[in-house]
Amino acid sequence: MLHRAGWAVNHKQVERIWRREGLKVPQKQPKRGRLWLNDGSCIRLRPEHPNHVWSYDFVEDRTHNGRKYRMLNVIDEFTRECIAIRISRRLKAVDVIDVLTDLFIVRGAPGHVRSDNGPEFVAKAVREWIAAVGAKTAYIMPGSPWENGYCESFNSRLRDELLDGEIFYTLKEAQIVIESWRHHYNTSRPHSSLRYSPPAPEAISWPPTQNGSTPPAVASSPTMH
């Protein structure tokens, strides 16, 4: 983002400034091995195209008065786009189905939906609904959060770049600010695995309208590999 703004600076200079100001410098993640079954076959499902594999997970935080609220984050693993964040005091199976229903209507059903193997996602209603609309479930193994690495990575970015630095006094404030950050993450924030392009950059209609003004509407397009 500094390069886009015209700054001639490398990452080492930026990290030195971060240290001088007492900020956090990202730590390199340890390498993890592949996941294998007893017969030697690999069980890790990798996305091959947009809408192939979605993943979703919960993140929990608190408003200023100490009350908990939860976020349901849904990611397209191929494009790295965060396609939805549902924020509420409580999130149940019906809320998961409600979010996925809206996404399926707009984007179509994905090939697979990857989710945690914890109590939030073992609800029979969710599993049956996903199967009924033509998608397949891809549960991760218990105690293996790296199998849901795309969503875990997004969750850590959300917490590091927003939640740890913001105080939300009301649930509505959290909903507005987090949704604004989601839009920034999708359309502006560079992603290292996408050659430092955002997951869904905005495209502006051109040429301008007949009265000489540029149409205000923009459309997001998924990043192609």
Side-chain angles (χ1 to χ4, degrees), residues 1-2 11 14-15 18 21-30 32 47 50 53-92 95-96 98-100 102-103 106-107 110 113-118 120-121 140 144-202 220 222-223:
M1 295 184 76
L2 288 172
H11 70 93
V14 175
E15 290 178 359
W18 284 350
E21 298 298 324
L23 303 176
K24 179 181 176 182
V25 178
Q27 299 294 324
K28 291 184 178 179
Q29 296 295 318
R32 299 188 183 277
V53 182
W54 292 357
S55 60
Y56 58 108
D57 197 7
F58 281 128
V59 172
E60 188 175 280
D61 202 23
R62 294 176 183 269
T63 49
H64 186 258
N65 59 7
R67 293 186 61 192
K68 292 182 180 180
Y69 67 91
R70 306 193 80 189
M71 290 158 278
L72 174 66
N73 302 332
V74 187
I75 310 294
D76 186 315
E77 293 190 357
F78 185 82
T79 65
R80 307 315 202 265
E81 181 184 3
C82 175
I83 53 181
I85 299 181
R86 170 67 65 88
I87 305 167
S88 183
R89 294 294 183 186
R90 294 184 179 181
L91 290 170
K92 300 179 181 180
D95 299 297
V96 178
D98 184 51
V99 171
L100 294 178
D102 291 342
L103 293 175
V106 175
R107 296 172 176 259
V113 179
R114 194 193 312 268
S115 58
D116 194 288
N117 202 29
E120 298 95 341
F121 295 111
I140 70 172
S144 305
W146 56 87
E147 291 186 44
N148 202 10
Y150 297 98
C151 218
E152 292 290 340
S153 176
F154 174 81
N155 293 346
S156 67
R157 298 293 180 272
L158 172 62
R159 187 167 296 282
D160 189 46
E161 298 178 12
L162 180 66
L163 300 181
D164 285 348
E166 294 282 348
I167 297 176
F168 299 126
Y169 291 94
T170 65
L171 181 65
K172 188 64 176 180
E173 180 185 10
Q175 292 170 339
I176 294 172
V177 174
I178 293 172
E179 177 60 23
S180 177
W181 183 88
R182 185 184 75 88
H183 182 266
H184 165 78
Y185 178 90
N186 287 336
T187 61
S188 301
R189 182 190 182 280
H191 200 297
S192 58
S193 65
L194 302 177
R195 299 180 180 179
Y196 291 97
S197 296
E202 290 181 335
S220 296
T223 302

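Nothing fancy with the numbering, it's 1 onward along the sequence.
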Backbone N or O of [Y] within a donor-acceptor pair of the [X] side chain at under 3.5 Å?
{"X": "D95", "Y": "K92", "answer": "yes"}
{"X": "D76", "Y": "E81", "answer": "no"}
{"X": "R159", "Y": "R157", "answer": "no"}
{"X": "R89", "Y": "R70", "answer": "no"}
{"X": "E77", "Y": "V53", "answer": "no"}
{"X": "T170", "Y": "E173", "answer": "yes"}

Nearest heavy-atom pair of [X] and [Y]: which atoms, and what distance?
{"X": "V113", "Y": "Y56", "answer": "CG1-CE2, 2.8 Å"}
{"X": "F154", "Y": "C82", "answer": "CZ-SG, 3.5 Å"}
{"X": "R62", "Y": "G66", "answer": "NH1-O, 2.6 Å"}
{"X": "S153", "Y": "S156", "answer": "O-OG, 2.7 Å"}
{"X": "S188", "Y": "P198", "answer": "N-CB, 3.7 Å"}

Note, [X] side chain near [Y] side chain (heavy atom, < 4.5 Å):
{"X": "R182", "Y": "I178", "answer": "no"}
{"X": "N73", "Y": "I85", "answer": "yes"}
{"X": "W54", "Y": "I75", "answer": "no"}
{"X": "L163", "Y": "V59", "answer": "yes"}
{"X": "E166", "Y": "W181", "answer": "no"}
{"X": "P47", "Y": "Y150", "answer": "yes"}

Find the distance between [atom1] ([X]) and [atom2] ([Y]) and round it off to the nearest 0.5 Å.
{"X": "N186", "Y": "T79", "atom1": "CG", "atom2": "OG1", "value": "8.0 Å"}
{"X": "T63", "Y": "I167", "atom1": "OG1", "atom2": "CD1", "value": "11.0 Å"}
{"X": "L158", "Y": "M71", "atom1": "CG", "atom2": "CE", "value": "5.5 Å"}
{"X": "R86", "Y": "E179", "atom1": "CZ", "atom2": "CD", "value": "11.0 Å"}
{"X": "K172", "Y": "I87", "atom1": "NZ", "atom2": "CD1", "value": "10.0 Å"}

Non-neighbouring partners of Y69 that pass ring-ring contact (aromatic ring centres under 6.0 Å, His included), sequence neighbours left out
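Y69: no ring-ring contact (aromatic ring centres under 6.0 Å, His included) contacts found.
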Could you label the plane-to-plane angle of the H191 and Y185 rings as parallel, tilted or perpendicular, counting under 30° as parallel and over 60° as perpendicular?
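It falls in the perpendicular class, over 60°.
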